[in-house]
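Notes follow once the structure below has been shown.
Below, read A as the first sequence line, B as the second, and so on, with proteins coming before strands; counting in each chain starts at 1. The analysis underlying the following values was restricted to heavy atoms, covering all of them including side chains, and did not include hydrogens, waters or symmetry mates.
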2 protein chains.
Amino acid sequence: MRRETYNEFRRLCQEHNLAATHQREKIYEALVSRPGHYSPEEIYEQVKQDLPSISLATVYKNLKTFLHAGMLREVSPHHGSWRIDANRHPHHHLVCTHCRSITDLDFDSLGPVKLHGKLPSGFRLEKFTIEAQGICKACTAAETKQH
Amino acid sequence: MRRETYNEFRRLCQEHNLAATHQREKIYEALVSRPGHYSPEEIYEQVKQDLPSISLATVYKNLKTFLHAGMLREVSPHHGSWRIDANRHPHHHLVCTHCRSITDLDFDSLGPVKLHGKLPSGFRLEKFTIEAQGICKACTAAETKQH
DNA sequence: AATCCTTTAATAACTATTATCATCTGATAA
DNA sequence: TTATCAGATGATAATAGTTATTAAAGGATT
């Protein structure tokens, strides 16, 4: 691992009161040293090359730990369950990051995406999708009721 | 079901050579008659109120059938596996709808999202996310090689 | 009614994820 | 150094979500 990455990892662990273990180091490295956004399984495979005895559960657990500490983020708020869209008209989505509900937002509510320059060569664009992420009405209500 | 919806359902089935069965009718209705975007399990629960003996597998199978026929769409190309993002700088994503790979796109490559008017009342916006969906370089290459 | 093809329901199988728990590790104090 | 202890790990069981299998039911056509 590059010294810079290593120092950052140590710093982040210290900041969040996490032991900077060998396993965590390699998991972190597997994430930041490569360009894509990988699944736990892929990260596991990568780390296993250095630490053959690591457990998949350790990968999952530490990813959760890192996320919870704010060291990492989820790429998308809607993994985990398959959602179907029966609306054939162009539209956007409002996504509640709390209850994961998804509702439609009129196409005209948002301006078009403007591309500055070009996309990476070789990528064949089909469309831009915009999601408005936040907390829905119901969740906001439930929250304020609690306090 | 509203007559209009029913007719549309019949038409769509005919168009795609699908038997317009009772089960399919109710599944379709469960999707279009309500505002949100539901999971197979939720659709199953809804349909069960009319057809108590329907099987969850039937729901899955017909959702796939509808999708394949183009009668419906998936809300997101990346449900199914959890992806982690270690890039703490603001950025967008390029998503390949074929191999499901996700790579970063510079924040400055795209202009800001413009909101015309207001979002539905009660929704507390955290951020807009933009995804560029399409076919990545590797998949395009693999495709052309085949033909 | 007999035949054929499609669809369905039940359920087994599989994959992704989470929980459990015994063991191990590293830090600190004795 | 050893004893202690909290936290981390690895093995694996448990669960949730999804897909595959298969026997039976339904519907159209002969």
Side-chain angles (χ1 to χ4, degrees), chain A residues 9-10 12-30 37-69 71-72 74-84 99-100 102, chain B residues 9-10 12-30 37-69 71-72 74-84 99-100 102:
Chain A
F9 168 70
R10 302 287 302 218
L12 284 167
C13 283
Q14 208 158 19
E15 246 176 48
H16 297 100
N17 273 332
L18 299 173
T21 67
H22 216 54
Q23 287 87 341
R24 284 181 177 159
E25 184 188 317
K26 292 298 177 185
I27 292 168
Y28 187 80
E29 182 183 9
H37 295 303
Y38 303 98
S39 68
E41 186 74 35
E42 287 166 329
I43 295 162
Y44 172 63
E45 290 303 331
Q46 172 81 12
V47 173
K48 232 162 70 164
Q49 295 181 11
D50 284 336
L51 306 175
S53 74
I54 195 169
S55 159
L56 178 58
T58 300
V59 173
Y60 271 97
K61 225 171 317 178
N62 282 314
L63 289 177
K64 291 243 153 188
T65 303
F66 289 164
L67 272 178
H68 193 255
M71 292 167 61
L72 303 174
E74 292 179 309
V75 169
S76 157
H78 32 64
H79 75 279
S81 91
W82 194 34
R83 304 299 192 82
I84 301 302
C99 71
R100 314 226 147 172
I102 302 168
Chain B
F9 168 71
R10 301 289 301 221
L12 283 167
C13 284
Q14 208 158 20
E15 247 176 47
H16 296 101
N17 273 331
L18 299 173
T21 66
H22 216 55
Q23 287 86 341
R24 284 180 178 159
E25 186 187 316
K26 292 298 178 186
I27 291 168
Y28 187 80
E29 183 182 8
H37 296 302
Y38 304 97
S39 68
E41 186 74 34
E42 286 166 330
I43 295 161
Y44 170 63
E45 290 304 331
Q46 171 80 13
V47 173
K48 229 162 73 166
Q49 295 181 10
D50 284 336
L51 306 176
S53 73
I54 196 169
S55 160
L56 179 58
T58 301
V59 173
Y60 271 98
K61 222 172 318 176
N62 282 315
L63 289 177
K64 291 240 156 190
T65 303
F66 290 163
L67 272 179
H68 193 255
M71 291 167 60
L72 303 173
E74 292 178 311
V75 170
S76 157
H78 38 62
H79 72 282
S81 91
W82 194 33
R83 303 299 191 83
I84 300 301
C99 71
R100 315 224 147 171
I102 301 168

Legend entry - OP1 or OP2 of C/dA9 under 4.0 Å from side-chain N/O of B/Thr58: yes
Legend entry - Any A/Thr21 side-chain N or O less than 4.0 Å from OP1/OP2 of C/dG26: no
Legend entry - Position toward the 5' end of DNA chain C (nearest nucleotide), B/Ala57 or A/Ser39: B/Ala57
Legend entry - base_contact_polar (D/dG7 base, A/Lys61 side chain, donor-acceptor, <3.5 Å): no
Inset, instruction - In whole angstrom, give the distance that lies between atom CG of A/Asn17 and atom P of C/dA27. - result: 14 Å
Inset, instruction - Please state how far atom CG in A/Leu56 lies from atom C1' in C/dA16, giving the value in whole angstrom units. - result: 9 Å
Inset, instruction - Compare side-chain N and O positions of B/Gln23 against OP1 and OP2 of D/dG26 and report whether any pair is under 4.0 Å apart. - result: no
Inset, instruction - Evaluate side-chain contact (heavy atoms from CB on, under 4.5 Å) for B/Leu63 paired with B/Ile43, printing each intermediate quantity in order. - result: CA-CA 10 Å; B/Leu63 289 177; B/Ile43 295 161; 4.0 Å; yes
Legend entry - Separation of D/dG26 P from B/His22 NE2 (nearest whole Å): 13 Å
Legend entry - Atom-pair distance (CZ on B/Arg24; P on D/dG27), nearest Å: 13 Å
Legend entry - Any A/Lys64 side-chain nitrogen or oxygen under 4.0 Å from OP1 or OP2 of C/dT18: yes
Inset, instruction - Classify the ring geometry between A/His78 and B/His78 as parallel (under 30°), tilted (30 to 60°) or perpendicular (over 60°). - result: parallel
Legend entry - A/Tyr60 side chain near C/dT18 phosphate (N/O to OP1/OP2, under 4.0 Å): no
Legend entry - Whole angstrom value for the distance that separates P of D/dT12 from CD1 of A/Ile54: 16 Å
Legend entry - B/Glu45, CD atom: more than 12 neighbouring heavy atoms under 6.0 Å: yes
Inset, instruction - Using whole Å, report how far OH of B/Tyr44 lies from P of D/dG17. - result: 13 Å
Legend entry - Under-4.0 Å side-chain N/O to phosphate OP1/OP2 contact, A/Ser53 with D/dG10: yes
Legend entry - SB check A/Glu74 A/Lys64 (cutoff 4.0 Å): no
Legend entry - Separation of C/dT15 P from A/Trp82 CH2 (nearest whole Å): 18 Å
Legend entry - Value in whole Å for how far the C1' atom of D/dT9 lies from CZ of A/Phe66: 13 Å
Inset, instruction - Kindly say if B/Asn62 contacts the phosphate of C/dT8, meaning a side-chain N or O under 4.0 Å from OP1 or OP2. - result: yes
Inset, instruction - Return the orientation label for the B/Phe66 and B/Tyr28 ring planes: parallel under 30°, perpendicular over 60°, tilted otherwise. - result: perpendicular
